[in-house]
Amino acid sequence: MAPSKPRVRFAPSPTGYLHIGGARTALFNYLYARRYGGTFILRIEDTDQERSTPESVKAILDGLNWLGLDWDEGPGKEGAFGPYFQTQRLDTYRAHADQLISEGKAFRCYCTREEIAARREVADKEKRAYRYEGTCYELKAPPEGKKLEDAVIRFRMPTGDGKVSYDDKVLGVITKPYSDLDDWVMMRADGIPLYNYGCVIDDHLMEISLVARGQEHINSTFPQLMLYQALGWTPPEFAHLPLILGPDREKLSKRKHPEADVMLHASTGILPEGLLNFVIRLGWSHGNDEVISREQMVEWFDFDGVGSTSGVWDPVKLKWFNQEWLKRLPSAVIAERLLPFLEARGFQARGDARLEPMVIALRERSQTLEEMANTASIYFRTGVTLDEKAAAKHLSGDSLGLLRQARERLVALPAWTVELLDGVVKTVSETASVGMGKVAQPLRVAITGNTTSPGIGETLLFAGRDEALRRIDAALARGG
RNA sequence: GUCCCCGUCGUCUAGAGGCCCAGGACACUGGCCUUUCAAGCCGGCGACACGGGUUCGAAUCCCGUCGGGGACACCA
């Protein structure tokens, strides 16, 4: 059942950053290839002259690299089926188009866009699919006033009441009558192929065995299928993946949804593991499993687990997944990834002994690296801003006395460890016959400026001996 | 408008005729734990769009209705 050595591809057009929908398409293709020992190909569909940019190519490669979705063939990994940029394959498209024309399966069309639009309008009004119907079919030479270079190349749709259908790996059999299809443009006058054309030529020549892409492409698979037929080629399998919808229930798009940008999430401290885990659960499942590692994804992924209903982007659940990975990944790894966020806040924490313990304490209280860095900043900074309400409640009256007692024992400590630090709180509270909270809270407010933080021993440790004592003194001074 | 796809808790989903008066996760919520906040643990709320069939029996199959989304370019 499982195809041996499938060849699959991700074929983005470089017209902006890598977006979430593309990332998921890439992920599914990647996983399928990895699971079955196949090949994952990255092909750049840069035929849109107006919108394609080298910067976008870089952005897409960067995005895939950040996600860890490495390709076997494609930019930077030239294989036997290159080149992998469509603009470098123009001769190939031209050659096949010429062949199709000579066989009467495609034709040069000299009509203006206006003429086409007008006729299409008439067809719409008469409630029938637009068909080119004629005039250019039999042309052996350009009509008066036109040149060969003016002609676009159109596919000549068979007439009659035939049907095209295929068995989608996700949706099952889908059929479309010929009468719904028109004489679509394969290639522009300047020799640039259009999507449906370039895609088929490349998929076949690159020996793609399965095309997995978003459901927005369902309708374009029919003209593509007709082309395979005309060329006498066996089409690959197709799997159309459910769409990812924005909070407004519309397809996640770059224009309307900022969260569609993969690297935006990187910048807010989402881990690639978290993003991938969230995204794979949108449209794919393996029983009730939620938190899934890369290894398990590779082991479990297949298209029979892909659902057919679109999923809504849920930033809350994304963060939950992210925290799960924050908690699961080795603390050293998280520490390393946290560094840039600390640097952005002006702190050089590399090599700081407090870093890893801090990660361990903070990852249970943070959903993103950004949150973690913000909290960690409190300890790296010099001085602290006290929250008025917290100070009023915990740095007044009896609390001040307890704080002073704690300070005396703290300075006397032989070493600054969590155990000894916690011990001080315990001793002071026992001596004064009060609950530990009576001692811990004033300390906490003095150190962090607020009433919430990790355990008091850790909090003191993170601030460091000198800084902690300074903050306590400041709090004491303030309280009178 | 035409064509295509889809329709289980608010959201992501399990479910492939009896195991389901529907299970898990997020969120929300009650409690436990506790030096705070988290984390963790225990509990609660909450859905098979609707109407017809088929069947001894339907969330699961068929038809219709309604609803949602997508595609209709010399963009991909």
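Labels below follow one simple rule: chain letters A, B, ... track the order of the sequence lines, proteins then strands, and each chain is numbered from 1.
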Counting only Watson-Crick pairs (N1-N3 plus N6-O4 or O6-N4) and G-U wobbles (N1-O2, O6-N3), all under 3.5 Å, who is the partner of [N]?
{"N": "B/C26", "answer": "B/G10"}
{"N": "B/G1", "answer": "B/C72"}
{"N": "B/G51", "answer": "B/C63"}
{"N": "B/G40", "answer": "B/C32"}
{"N": "B/C56", "answer": "B/G18"}

- prompt: Any ion pair linking A/K389 and A/D387 (charged N to carboxylate O, less than 4.0 Å)?
  reply: no
Per nearest nucleotide of RNA chain B, the residue lying toward the 5' end, A/V312 or A/E290, is A/V312
Between A/T47 and A/W284, the residue closer to the 5' end of RNA chain B by nearest nucleotide is A/W284
Looking at every strand, decide which applies to [X] at a 4.0 Å heavy-atom threshold: base, sugar-phosphate, or nothing.
{"X": "A/V152", "result": "base"}
{"X": "A/T309", "result": "sugar-phosphate"}
{"X": "A/D422", "result": "base"}
{"X": "A/R363", "result": "nothing"}

- Has the side chain of A/K317 got a donor or acceptor that lies under 3.5 Å from a partner of the other kind on the base of B/A25? yes
**Message:** Using side-chain heavy atoms (C-beta onward) and a distance below 4.5 Å, is A/L69 in contact with A/N29?
**Reply:** no
Would you mind reporting whether A/M187 and A/Y93 have side-chain heavy atoms less than 4.5 Å apart? yes
Report task. Kindly confirm or rule out a cation-pi arrangement of A/R24 over A/F28, judged by NZ or CZ under 6.0 Å from the six-membered ring centre and within 45° of its axis? Result -> yes
Produce the list of close N/O pairs, under 3.5 Å, pairing protein atoms with atoms of nucleotides 66-70 of chain B; give distances to one decimal.
unit_1 : atom_1 : unit_2 : atom_2 : d
B/G70  : OP1    : A/K251 : N      : 3.1
B/G70  : N2     : A/N219 : ND2    : 3.0

query: Between A/F222 and A/Y166, does the ring centroid distance fall short of 6.0 Å?
result: yes
Report yes if the distance between the aromatic ring centroids of A/H265 and A/W313 is under 6.0 Å, otherwise no. yes
